[in-house]
Amino acid sequence: MSEIMMKPKEWTDQIARLRQQIGQVIVGQEEVVEQMLWCIFAGGHALLEGIPGLGKTMLVSTISKALDLSFSRIQFTPDLMPSDITGTNILSFGQQGSTGMSFQKGPLFSSIVLADEINRATPKTQSALLEAMQEKTVTVGGETHTLPRPFFVLATQNPLENEGTYPLPEAQLDRFLLKIEVSYPSREELKEIVKRTTSSREIGVEKQMTAAELLDIQQGAKQILVADEVLDYAVRLLMMTHPEDASATEGVRRYVRYGSGPRGVQSIIAIGKVRAFFKGRMHLSTGDINACALPALRHRLFLNFEGQAMGVTTDTVIREIMEQLEKGV
């Protein structure tokens with residue numbers, strides 16, 4: 001057994017302290033925080049969907065402080081150019097009047113990047129971001145620059161205002177490991193938010209781990225064991241999202257145009273391993289698969305015209321699939 005697998009208790013304690021630090025600032029949103037931590041410790045990127053004002057920026061900023069990682073926020077707008085996020089070569093002057101070109105890094109060169117309202121930027125700028133997410137590098141003027149490690153993009157989009165936006169194409173949505181829905185706080189949570197934000201009390205966030213420790217935990221989580229029957233369960237779930245498959249549910253056949261590709265089941269297994277690790281288990285269970293299916297698949301199923309017209313959501317379709325799968329239908 002490797003040295004990495006010898007410290008799971010120490011790491012789960014660190015993660016518990018990390019949750020506690022985040023909870024000092026963020027009221028409620030436990031499911032959102034948990035899914036963001038799954039995503040970060042699985043080494044993926046997340047798409048957060050919710051109306052403005054729900055504290056998404058504060059949440060991402062708090063996580064970066066607790067993890068002691070550099071943080072950048074980019075407000076995406078229609079006039080944002082690719083070089084505004086990647087950086088650009090500029091003319092520099094040296095001693096004795098010599099000149100040369102030097103690379104000035106853009107805001108992408110941070111470990112955690114908040115891409116706010118990603119659907120307001122043009123496809124060209126979106127593509128520059130998504131290429132960086134995939135390759136973990138930026139190429140400017142024929143020279144390739146490596147982004148820091150770890151590197152996470154947490155992008156947001158507003159589900160209410162679609163006028164003047166550039167929705168992400170299906171292939172680009174697939175780059176996000178998870179799609180996390182940020183809901184409105186409850187009445188009690190709202191009261192607590194008001195108390196915390198309108199008093200003179202300042203709440204600090206203590207760092208709970210270094211970047212090197214985070215990378216170690218990522219490697220440790222990858223070593224979680226997956227039994228064949230659990231993997232088969234995840235694959236069956238994925239195949240049931242395809243309307244042409246014999247196992248497809250009635251809802252899938254009627255409302256789904258395209259089911260999830262292979263990245264869907266890869267995402268479920270990757271974040272399922274992190275969930276199992278967080279719970280102190282060294283093996284994946286079908287419970288982990290069920291818990292991870294919604295955020296991993298909701299942006300990878302595409303409804304047909306009838307589904308959209310009827311107001312059906314991909315969450316509804318996935319829940320129907322899981323119910324039938326658990327019954328063994």
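Predicted, not measured: the structure shown is a model, and the values here were computed from it. Along the sequence shown, residues are numbered consecutively beginning with 1.
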What's the separation between atom [atom1] in [X] and atom [atom2] in [Y], rounded to the nearest 0.5 Å?
X: L231; Y: Y233; atom1: CG; atom2: OH; value: 13.0 Å
X: R149; Y: L214; atom1: CZ; atom2: CG; value: 10.5 Å
X: R19; Y: L37; atom1: CZ; atom2: CG; value: 6.5 Å
X: I112; Y: F151; atom1: CD1; atom2: CZ; value: 10.5 Å
X: I269; Y: I224; atom1: CD1; atom2: CD1; value: 12.0 Å
X: Y255; Y: L301; atom1: OH; atom2: CG; value: 14.5 Å

When K56, Q35, E34, E49 are each screened for side-chain contact (heavy atoms from CB on, under 4.5 Å) with I180, the one that passes is Q35
Going by the side-chain contact (heavy atoms from CB on, under 4.5 Å) test, name the single residue among L129, T88, T125, T122 that passes it with P82.
T125
Has [X] got a side-chain atom pairing as donor or acceptor with [Y]'s backbone, closer than 3.5 angstrom?
X: Q208; Y: E206; answer: yes
X: S70; Y: S111; answer: yes
X: Q126; Y: A121; answer: yes
X: T241; Y: S260; answer: yes
X: E213; Y: T210; answer: yes
X: N290; Y: G287; answer: no
X: R236; Y: L325; answer: no

Please walk me through it: do K279 and D288 pass salt bridge (charged side-chain N to carboxylate O under 4.0 Å, His left out)?
CA-CA 10 Å; K279 291 185 175 297; D288 296 318; over 6 Å; no
Student check: side-chain heavy atoms of [X] and [Y] closer than 4.5 Å:
X: V226; Y: K273; result: yes
X: L80; Y: T77; result: yes
X: R275; Y: R281; result: yes
X: V182; Y: L59; result: no
X: D216; Y: W11; result: yes

Would you say [atom1] of [X] has more than 12 non-hydrogen atoms from neighbouring residues, nucleotides or ligands within 6.0 angstrom?
X: Y258; atom1: OH; result: no
X: D79; atom1: CG; result: yes
X: Q75; atom1: CD; result: yes
X: R17; atom1: CZ; result: yes
X: E250; atom1: CD; result: no

Given the rule in the side-chain hydrogen bond (donor to acceptor under 3.5 Å, both in side chains) test, do D245 and S247 qualify, once you have shown the distances and angles that lead to the verdict?
CA-CA 5 Å; D245 193 86; S247 63; 2.5 Å; yes
Of the non-hydrogen atoms in [X] and [Y], which two are nearest, and what is the gap between them?
X: Q218; Y: G43; answer: NE2-CA, 3.6 Å
X: A293; Y: L237; answer: CB-CD1, 4.0 Å
X: H299; Y: L173; answer: CD2-O, 3.2 Å
X: H45; Y: V153; answer: ND1-N, 2.9 Å
X: A211; Y: P150; answer: CB-CD, 3.7 Å
X: T156; Y: E117; answer: OG1-N, 2.8 Å

When you group the ILVMFWY residues by side-chain heavy-atom contacts below 4.5 Å and let the links chain together, are [Y] and [X] in the same group?
X: F76; Y: M81; result: no
X: I289; Y: L225; result: no
X: F277; Y: L215; result: no

May I have the step-by-step check of side chain to side chain contact (heavy atoms under 4.5 Å, CB included) for I217 and Q14, ending in yes or no?
CA-CA 10 Å; I217 295 175; Q14 271 185 303; 4.2 Å; yes
Let me check something: any side-chain donor-acceptor pairs from residues 130-144 under 3.5 Å, sequence neighbours excluded? List them with distances.
| from | atom 1 | to | atom 2 | distance (Å) |
| --- | --- | --- | --- | --- |
| T139 | OG1 | T144 | OG1 | 3.2 |

For the rings on F41 and F278, is their centre-to-centre separation under 6.0 Å?
yes
Taking atom types as modelled, is there a side-chain donor on T249 or E320 under 3.5 Å from an acceptor on the other?
yes
Trace of the side chain to side chain contact (heavy atoms under 4.5 Å, CB included) decision for H145 with K105:
CA-CA 9 Å; H145 305 271; K105 294 178 178 177; over 6 Å; no
Begin from the C-alpha positions of V113 and F152 and carry the test side chain to side chain contact (heavy atoms under 4.5 Å, CB included) through to its verdict.
CA-CA 6 Å; V113 177; F152 308 105; over 6 Å; no
Worked verdict on R300 versus K179 for side chain to side chain contact (heavy atoms under 4.5 Å, CB included)
CA-CA 9 Å; R300 294 185 162 102; K179 181 180 178 183; over 6 Å; no
